[in-house]
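Before any comments, here is the structure.
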Amino acid sequence: MKNTVRTLIVDDEPLARTGLSDYVGRVDFLTEAGQARDGMEALSMIETQDIDLLLLDVQMPGLSGTELVQSLQRPPAVIFTTAHPGFAVEGFELNALDYLLKPISFPRFLKAVLKARNKLLPGASPAPLTFPAPAASPEHTVPEDLFIREEGRVERLLLKDILYAESMQNYCRIHTVHGSHLPLLPLKELLSALPADDFFQVHRSYLINLKAVDAIVGNQVRIGTQLLPISRPNREELERRLVGDRLL
């Protein structure tokens, strides 16, 4: 009798794949069958391997997650992952087991994969978990930190210490209260890993920690002594999120 769920992680963002791989490794009834960087790579793996479950990003270049599922005659069970809540309805129309909004907390991930276990391993006894989640955890737990790869090492960054980040072509520089870091990570990927309530992209080249802002000066935002540009379409939204109804 089958006792594990072979799981394929599909996401075009390396940081997202790493995070999901860590979560899969914590759950005894899941076995990671591999990782795919886009829909076409996932399609090839599904056709040549025994895949029970897809942890599938919705938005990917080339073949999107929903397009991948629609192309399969007998798709595996699917849990969609995305940073955009507007795709939920489309996901459930494709009979997805669940829909996870990034950044994904482990308790929320666990709730979703338990649905997969109940569907795919109906006769299985409850499996022990290597990292059980508290029963009263909220649906979306705000993370306190993230890990980045930099010069052959893995660095832990507390989100409260991040001031802002700037795009450097295919990677970004993260400025914190303790100094700066230069991971091989595009600004887009960093933004998707940060809680949207606290971080905002003010310009195509800059994202900021809203809690670190000292002032808005014309079309610039000041963090400490640093002035960063605000693109015109983002000026009103930044003021709304930063000030709200507290302006005197």
Side-chain angles (χ1 to χ4, degrees), residues 1-60 63-83 85 87-135 137-141 143 147 192-193:
M1 179 185 290
K2 198 180 187 78
N3 58 9
T4 62
V5 176
R6 287 180 53 79
T7 305
L8 177 63
I9 298 167
V10 188
D11 200 301
D12 63 320
E13 298 174 352
L15 191 64
R17 295 197 302 271
T18 299
L20 288 172
S21 179
D22 174 63
Y23 284 0
V24 168
R26 300 185 192 186
V27 182
D28 287 350
F29 60 81
L30 297 180
T31 299
E32 184 175 324
Q35 299 181 17
R37 294 165 295 182
D38 54 47
M40 291 305 297
E41 186 175 14
L43 179 62
S44 176
M45 297 176 74
I46 293 167
E47 290 176 341
T48 57
Q49 297 185 40
D50 180 20
I51 305 296
D52 302 312
L53 174 66
L54 296 178
L55 297 176
L56 182 59
D57 187 25
V58 173
Q59 285 191 304
M60 294 180 293
L63 188 67
S64 72
T66 52
E67 290 169 340
L68 170 62
V69 174
Q70 290 167 339
S71 72
L72 297 170
Q73 205 166 30
R74 294 183 179 178
V78 176
I79 295 173
F80 281 115
T81 66
T82 184
F87 288 102
V89 173
E90 185 178 2
F92 284 120
E93 285 178 350
L94 294 172
N95 297 316
L97 290 177
D98 210 334
Y99 183 96
L100 299 178
L101 188 62
K102 300 176 181 177
I104 302 165
S105 70
F106 182 74
R108 184 65 183 88
F109 172 84
L110 179 62
K111 181 178 179 181
V113 297
L114 284 171
K115 293 180 185 178
R117 186 190 67 181
N118 294 339
K119 175 182 175 65
L120 301 171
L121 307 174
S125 58
L129 303 174
T130 57
F131 189 77
S137 292
E139 283 286 289
H140 298 291
T141 302
F147 292 84
S192 71

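All values below were derived from every heavy atom in this structure, side-chain atoms included, with hydrogens, water molecules and symmetry-related copies excluded.
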- Check whether any side-chain heavy atom of Leu8 sits under 4.5 Å from a side-chain heavy atom of Leu55, and report yes or no. no

- Run the numbers on Glu41 and Gln35 for side chain to side chain contact (heavy atoms under 4.5 Å, CB included), then give the verdict. CA-CA 9 Å; Glu41 186 175 14; Gln35 299 181 17; over 6 Å; no

- Query: Among Val113, Leu56, Leu54, which one satisfies side chain to side chain contact (heavy atoms under 4.5 Å, CB included) with Ile79?
  - Reply: Val113

- Closest approach of Arg6 to Ala33 (non-hydrogen atoms, all atoms of both residues): NH2-CB, 3.5 Å

- Message: Any carboxylate oxygen within less than 4.0 angstrom of a Lys/Arg side-chain nitrogen, looking at Asp98 and Arg108?
- Response: yes

- Item | Non-hydrogen side-chain atoms of Val24 and Ile9 separated by less than 4.5 Å | yes

- Task: Taking the side chain as every heavy atom from C-beta outward, state whether Met60 and Val10 have any pair of such atoms under 4.5 Å apart.
- Result: yes

- Message: Within the 4.5 Å heavy-atom criterion, are Thr81 and Ile104 side-chain neighbours or not?
- Response: yes

- Any side-chain donor paired with an acceptor under 3.5 Å for Ser192 and Glu13? yes

- Out of curiosity, Thr4 OG1 to Leu53 CG, how far, rounded to the nearest 0.5 Å? 11.5 Å

- Using a distance-only test with no angle check, is there a side-chain donor-acceptor pair under 3.5 angstrom linking Ser21 and Glu32? yes

- Item | Derivation and outcome, side chain to side chain contact (heavy atoms under 4.5 Å, CB included), residues Thr66 and Phe80 | CA-CA 9 Å; Thr66 52; Phe80 281 115; 4.0 Å; yes

- Min side-chain heavy-atom separation Val5-Leu121 under 4.5 Å: yes

- Do you know the tightest heavy-atom contact between Phe147 and Leu15? O-CD1, 3.7 Å

- For Met45 and Ile51 the tightest heavy-atom approach is O-CG1, 4.2 Å

- Message: Counting C-beta onward and ignoring hydrogens, is there a side-chain heavy-atom pair between Leu43 and Leu72 closer than 4.5 Å?
- Response: yes

- Note on the structure: Heavy-atom nearest pair, Ala77 first then Leu97, reads CB-CD1, 3.7 Å

- Message: For the CG atom of Asp28 and the CZ atom of Arg117, what is their distance to the nearest 0.5 Å?
- Response: 10.5 Å

- Task: Taking all non-hydrogen atoms of both residues into account, name the closest pair between Ser44 and Thr48 and its distance.
- Result: O-OG1, 2.9 Å

- How are the rings of Tyr23 and Phe109 set to each other: parallel, tilted or perpendicular (split at 30° and 60°)? tilted

- Test item: Asp57 and Asp12 side chains (from C-beta on) under 4.5 Å apart, heavy atoms: yes

